[in-house]
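Scroll down for the structure; my scribbles are underneath it.
A quick note: this is a predicted structure, and the numbers were derived from the prediction, not measured. Lettering of chains follows the sequences in order, A, B, ..., and the numbering in each one begins at 1.
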Amino acid sequence: MLDLKYIKENAEAVKKNVADRFMTVDVDRVIELYDRRNVLISEIDGLRQKRNENAKKMKGPMEQAERQKLIEEGKKLKEDIAKIEEEFSGVETELKEEASKVPNMAHPDAPIGKEDKDNLEIKRSGKVPAFGFKARDHIELGTELDLIDFDTAAKVSGAKFYYLKNEAVILEMALSRYAVDMVMKHGFTPTITPDIAKEEILEGIGFNPRGDESNIYSIEDTGTCLVGTAEITLGGYFANQIINSEELPVKMAGISHCFRREAGAAGQYSKGLYRVHQFSKVEMFIFCKPKDADDFHEEIRGIEEEIFSSLDIPFRVVDTCTGDLGAPAYRKYDLEAWMPGRGDNGGWGEITSTSNCTDYQARRLGIRFKDDDGKNKHVYMLNGTAIALSRAIIAIMENFQTEDGSIRIPEKLVPYTGFDIIKKK
RNA sequence: GGAGAGAUGGCCGAGCGGUCGAAGGCGCACGCUUGGAAAGCGUGUGUAUCGCAAGGUACCGGGGGUUCGAAUCCCCCUCUCUCCGCCA
């Protein structure tokens, strides 16, 4: 959520930002509701003041007639207050609803564009493999080598689920541990987080847990949901708290399962492990002071690059365009790995994403710190994928395949897997 | 899941329907004292929101209600603790 006063005072900039993101939000309505709300607050507060004064007069002993008069006056005030309070609560509800649709401001350098193809490539790393044979995709490889079973998962759990088997299991655990070691080296506290979170936390992070469009699984009658990422549970960690400013930055890494409904998601790029209802992920999260956020964003991106370049996975980095930023994000970088099995001749597929969400999430979650000037301010919150295991597995399987259908293991990972090649049995 | 107890400021802990934004203590900050420190003494010390300001309003786990007036009474919910049951 943006600061309402900010929206009012910067209406034109806010509207431009909404347009740049190709969203439709009625900014004027937000301001109108905000103004109305403030008028009502003044009225209510004035009446309450009278009510309190009236009640105070009745403290001591007094004539019955006089007391009766005051009681009547109090009753009248009570009714007046109730009337305005009713309008106020309606306005407040609508204001909150409308205001939460307003996206975060975008970084001035974020490329302006509508969809992912407008993202700006800013870097490439590693060499796209040149095979002397027709590259197979991970589905074919995984079936051949008995590593992934989609068909049985479809029977047992539904489409877009999978069983990982044999070496793929070890590979997933190895990658997970590799990423955890890497983020620990960079000062992140490793955590294993709950896979379920309350709706209010989801909303605070900027997810919409309800509705057909929602990518979130809700758990009936509990007010909770399955998390789509540990960003939710890490971000909610300090909800409604004031963090000691000496404790900042707080750097945490969460290992969790991730559940996504992916309603309506289909097409050739959703095949296999690429877009599934459940996967596991190691996520980085930083709470920091505003002035440090840009630097930490670069740091997170650097760690992501370090993880994938050390695994010899070719990738490129894109600066996400305004239309492709999530509503809470001020700026976002994605790492896209080369996936030889994608499309006809291979293609880039997103493997990590890191966002600087400034104070957008902190405002609704109530996460603050006491600044040097003695005032409480919202912290800035950043998140980034250390490793999304299912997609990392795609990248390894497809980039490290050999002509005979085996899969080599990246050198740095061999100490973690205990084997250096996956061969047909 | 069953039975009971509890939830008050950074922490501990009082609190009779009006004098309670809330005693007292600890902690913290500043000052005095000291060669310096400790002790001692004094002063101060929550958050949010509206307002140019003066100031107002709200908040005693959360939500409703009773009342002229609620931290205090009533109802619902959540969480914590103890005991029992079940269980990886």
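- As rounded to whole Å, 11 Å separates atom P of B:A70 from atom CE of A:Met58.
- Nucleotide B:G21 is matched to nothing when pairs are restricted to Watson-Crick or G-U wobble geometry with both distances under 3.5 angstrom.
- Across B:G10 and B:G62, the matching P atoms stand 13 Å from one another, rounded to whole Å.
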Ring pair (Phe, Tyr, Trp, His ring centres under 6.0 Å) for A:Tyr380 and A:Phe287? Distances and angles first, verdict last. CA-CA 6 Å; A:Tyr380 274 28; A:Phe287 301 86; over 10 Å; no

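- Separating the P atom of B:A37 from that of B:C32 is a span of 11 Å, rounded to the nearest Å.
- Within the 4.0 angstrom heavy-atom criterion, base atoms lie near A:Arg67.
- B:U47 atom P lies 13 Å from atom NE2 of A:His378, rounded to whole Å.
- Straight-line distance between the C1' atoms of B:G21 and B:G35: roughly 44 Å, to the nearest whole Å.
- Paired with A:His138 under the rule side-chain contact (heavy atoms from CB on, under 4.5 Å), one option of A:Ile148, A:Ile407, A:Leu147, A:Ile393 passes, and it is A:Ile148.
- Between the side chains of A:Thr352 and A:Asp334, no donor N or O sits under 3.5 Å from an acceptor N or O.
- Of the side-chain N and O atoms in A:Lys370, one or more sit less than 4.0 angstrom from OP1 or OP2 of B:U47.
- The partner of B:U72 is absent, by the rule that a Watson-Crick or G-U pair needs both atom distances under 3.5 Å.
- Looking only at distances, a side-chain donor or acceptor of A:Gln361 sits under 3.5 Å from a matching main-chain atom of A:Ile205.
- Judged by a 6.0 Å distance limit and a 45° cone about the ring axis, A:Arg342 is positioned over the six-membered ring of A:Tyr274.
- The interatomic distance linking A:Lys57 (NZ) with B:U19 (P) rounds to 16 Å, in whole Å.
- Distance check on atom C1': B:G17 versus B:A22 gives 15 Å, rounded to whole Å.
- In this structure, B:G40 and B:C32 make a Watson-Crick or G-U wobble pair, each of the two defining distances being under 3.5 angstrom.
- Pairing partner, B:G9: none, since no Watson-Crick or wobble contact has both distances short of 3.5 Å.
- Following rounding to the nearest Å, A:Leu70 (CG) and B:G18 (P) show an atom-to-atom distance of 17 Å.
- Nucleotides B:C59 and B:G6, compared at atom P, are 24 Å apart to the nearest Å.
- The residue among A:Arg48 and A:Glu73 whose nearest nucleotide of RNA chain B is located toward the 5' end is A:Arg48.
- Rounded to whole Å, atom P of B:U66 lies 12 Å from atom CD of A:Glu79.
- Mapping A:Gly46 and A:Lys198 onto RNA chain B by nearest heavy atom places A:Gly46 at the nucleotide closer to the 5' end.
- Counting to the nearest Å, the C1' atom of B:G64 and the CD atom of A:Glu85 are 13 Å from each other.
- Between B:G69 and B:G55, the two C1' atoms lie 22 Å apart (nearest whole Å).
- Remark: B:G1 base-pairs with B:C84; criterion is Watson-Crick or G-U wobble with both hydrogen-bond distances under 3.5 Å.
- Regarding contacts with the backbone of B:C68, every side-chain N or O of A:Asn52 stays at 4.0 angstrom or more from both OP1 and OP2.
- Base pairing of B:A58: its partner is B:U47, meeting the Watson-Crick or G-U wobble criterion (both donor-acceptor distances under 3.5 Å).
- Following rounding to the nearest Å, A:Phe238 (CZ) and B:G10 (P) show an atom-to-atom distance of 17 Å.
- Relative to the ring axis of A:Tyr34, A:Lys8 does not place its NZ or CZ within 45° and under 6.0 Å from the centre.
- The aromatic rings of A:Phe161 and A:His277 are tilted relative to each other, their planes meeting at an angle between 30° and 60°.
- Taking the six-membered ring for Trp and thresholds of 30 and 60 degrees, A:His107 and A:Tyr330 have ring planes inclined between 30 and 60 degrees apart.
- Per the geometry, CG belonging to A:Asn54 stands 6 Å off C1' belonging to B:C68, to the nearest Å.
- The gap from the C1' atom of B:G56 to that of B:C41 amounts to 37 Å, rounded to the nearest Å.
- A gap of 37 Å separates the C1' atoms of B:U80 and B:C68, to the nearest Å.
- For B:G69, one of the phosphate oxygens OP1 or OP2 lies less than 4.0 angstrom from a side-chain nitrogen or oxygen of A:Lys78.
- Within the 4.0 angstrom heavy-atom criterion, no nucleotide atom of any strand lies near A:Lys56.
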Check the interface with nucleotides 48-54 of chain B: list each N/O to N/O pair with the protein under 3.5 Å, or write none.
from  : atom 1 : to       : atom 2 : distance (Å)
B:A48 : OP1    : A:Arg368 : NH1    : 2.7
B:C50 : OP1    : A:Tyr34  : OH     : 3.4
B:C50 : OP1    : A:Arg37  : NH2    : 3.4
B:C50 : O2'    : A:Ser42  : OG     : 3.2

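- A cation-pi contact links A:Arg301 to A:Tyr333, judged by a cut-off of 6.0 Å to the six-membered ring centre and 45° from its axis.
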